[in-house]
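One structure below.
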There are 2 protein chains.
Amino acid sequence: MSTRSPHRPSPHEDSPHIICTVDVVALTLIATRLHVALLQRAQPPAQGDWALPGGYVHAQTDADTSAAARRVLADKLGMHGVYLEQLATFSGPRRDPRGWSLSVAHCALLPADALPAQGPAGAIRWVDVQQLPGLPFDHAAIVAAALARVRNKSQYSSLPVHLCGEQFTLPQLQAVYEAVLGDTLNKVSFRRKMDDMGLLEAVPGAMLTGAAHRPAQFWRVRPAYRQHLAVTPRGL
Amino acid sequence: MSTRSPHRPSPHEDSPHIICTVDVVALTLIATRLHVALLQRAQPPAQGDWALPGGYVHAQTDADTSAAARRVLADKLGMHGVYLEQLATFSGPRRDPRGWSLSVAHCALLPADALPAQGPAGAIRWVDVQQLPGLPFDHAAIVAAALARVRNKSQYSSLPVHLCGEQFTLPQLQAVYEAVLGDTLNKVSFRRKMDDMGLLEAVPGAMLTGAAHRPAQFWRVRPAYRQHLAVTPRGL
DNA sequence: CTAATAGTGTCTATAAGACAATATTCC
DNA sequence: GGAATATTGTCTTATAGACACTATTAG
């Protein structure tokens, strides 16, 4: 908080104009590869370009920037109640041609089932993060930061469960971790760690059958961990 | 980035007024306890209260919010070239009586030697983080977030070296880690990890003498790690 | 020499990974 | 039964911690 502007609360003397926005890196797993949601911009700047979903912070209605990010997720992707965390804030005079701008970037993880292909605000492209097109503004840096965060947290926490649906088998969950981390994991160790975290509970009687081999048990996240991540002290 | 406001870059239709500031949680170690820098606010709101150093983002001059935070560090604490990282952005309609505000919080680590007691903007109080007074705005939450971040990163990285001066002995460094983490560490393991990280180099011939026991070797951070943190895969 | 802390060697405990054996299913 | 994957048991290896021994200094 500044000690300037004793009489006028307006920051105009210091800040003629700062554009406050949020951007959302919405990630999901398609065919064991991370994909990010891009929208085609309907208006300038960068009209027609595929970019991250984002929007102005609405001071009248948004409780905070996370609420603004949830509004963007709902309005532009049609997604509600998904995992969302604040990433970092990107700012500067050059990142947006409209002027000095500040964007609070958020990262959302979406279960692969029930992904919208058509959002309320037009078509959504789900792009493999390894094959990103050129992105406007500093969106490439924002996506890179999101990937770094997700990969880092996936090393020692339950973060990737938010890429799964309600129920999943342990082999499926391990595949999700491996896709995010880009490396294979030891099966025995993975199961030990999941057990130690106390994150999951077996769904009684629910088994994934149909294949010509032993069925796999379905698991779900315990209610206590629906909102908070579980962590393991020494990584997976 | 919004797709609204096609013709007017102004966000006024969506955001009548958003106050953009930075706040800095400047931490240092005094007598093996973490202390945070507080300044007495010269102007309302919360005039006279002790609060985090902060200020408006200056769109004319600041390259980004980190530059604004460095400016606050220089102008209000007289500190230059210290370790600084962005923490998180705090926002909402209620946190500041002046209106809907957004503060990009940063965390700075200062070596205990050469701390200013008198900053350019008045007296500085260095307060033990365990004995914080009531703080205005949401500064208590910002300090809590900074402490959580620093303690978390100290578990697996070289972050605490930024609380030390140019040279330090390994027993001193271990004491810094223990103060930050609030727990004792195994001496042999600590030295093994420091060795594995490849972070430090012995200062040739520099030993801490004067006490009635074997002198300790002085170490310094290798140039390659002055800007980046070193990490250890499984914590300390 | 004594006291005190620095620095190192080594043994033990714990955790991670490799490997393989058993369990179930569909055909 | 055969093929395939799930699940579990167990051995090996790697890492962390406990403990103690040696090193070096001031007085």
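Note: hydrogens, waters and symmetry copies are ignored here, and every other heavy atom, side chains too, is used.
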[X] vs [Y] side-chain heavy atoms within contact, under 4.5 Å:
X        : Y        : result
B:Asp49  : B:Phe137 : no
A:Pro171 : A:Lys187 : no
A:Thr89  : A:Thr65  : no

What is the distance, to the nearest angstrom, from the [atom1] atom on [X] to the [atom2] atom on [N]?
X        : N      : atom1 : atom2 : result
A:Leu208 : D:dA4  : CG    : C1'   : 14 Å
A:Arg192 : D:dT7  : CZ    : P     : 16 Å
B:Phe190 : C:dG7  : CZ    : C1'   : 14 Å
A:Arg214 : D:dA6  : CZ    : P     : 10 Å
B:Lys193 : D:dA14 : NZ    : C1'   : 11 Å
A:Tyr156 : C:dA15 : OH    : C1'   : 20 Å
A:Met207 : D:dT7  : CE    : C1'   : 10 Å
B:Lys187 : D:dC21 : NZ    : C1'   : 11 Å

Let me know, please, whether B:Thr232 or A:Ala216 comes out on the 5' side of the other along DNA chain D by nearest nucleotide.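 This one resolves to A:Ala216.
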Assign each of B:Ala211 and B:Leu236 to its nearest nucleotide of DNA chain D by heavy atoms, then name whichever residue's nucleotide is nearer the 5' end.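 In this pair, the answer is B:Leu236.
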For the side chain of [X], counting heavy atoms from C-beta on, which of [options] is nearest?
X        : options               : result
B:His213 : D:dT8, D:dA16, C:dA6  : C:dA6
A:Val188 : C:dA6, D:dA18, C:dC19 : C:dC19
B:Leu170 : D:dA16, C:dG7, C:dA16 : C:dG7
B:Ala212 : D:dA6, D:dA26, D:dT24 : D:dA26

How are the rings of A:Phe190 and A:Tyr177 set relative to one another: parallel (under 30°), tilted (30 to 60°) or perpendicular (over 60°)?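 It falls in the perpendicular class, over 60°.
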Over all strands shown, is B:Arg191 touching base, sugar-phosphate only, or nothing at heavy-atom distances under 4.0 angstrom?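 Base, at least one base heavy atom under 4.0 Å.
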Contact class for B:Arg234 (heavy atom, under 4.0 Å): base, sugar-phosphate, or nothing?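 Result for B:Arg234 = sugar-phosphate.
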Within the side chain of A:Asp138, is there an N or O that forms a donor-acceptor pair under 3.5 Å with the backbone of A:Ala141?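 Looks like no, no N/O pair under 3.5 Å.
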Which residue lies toward the 5' end of DNA chain C, B:Gln217 or A:Thr209, if each is placed at its nearest nucleotide?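 That would be B:Gln217.
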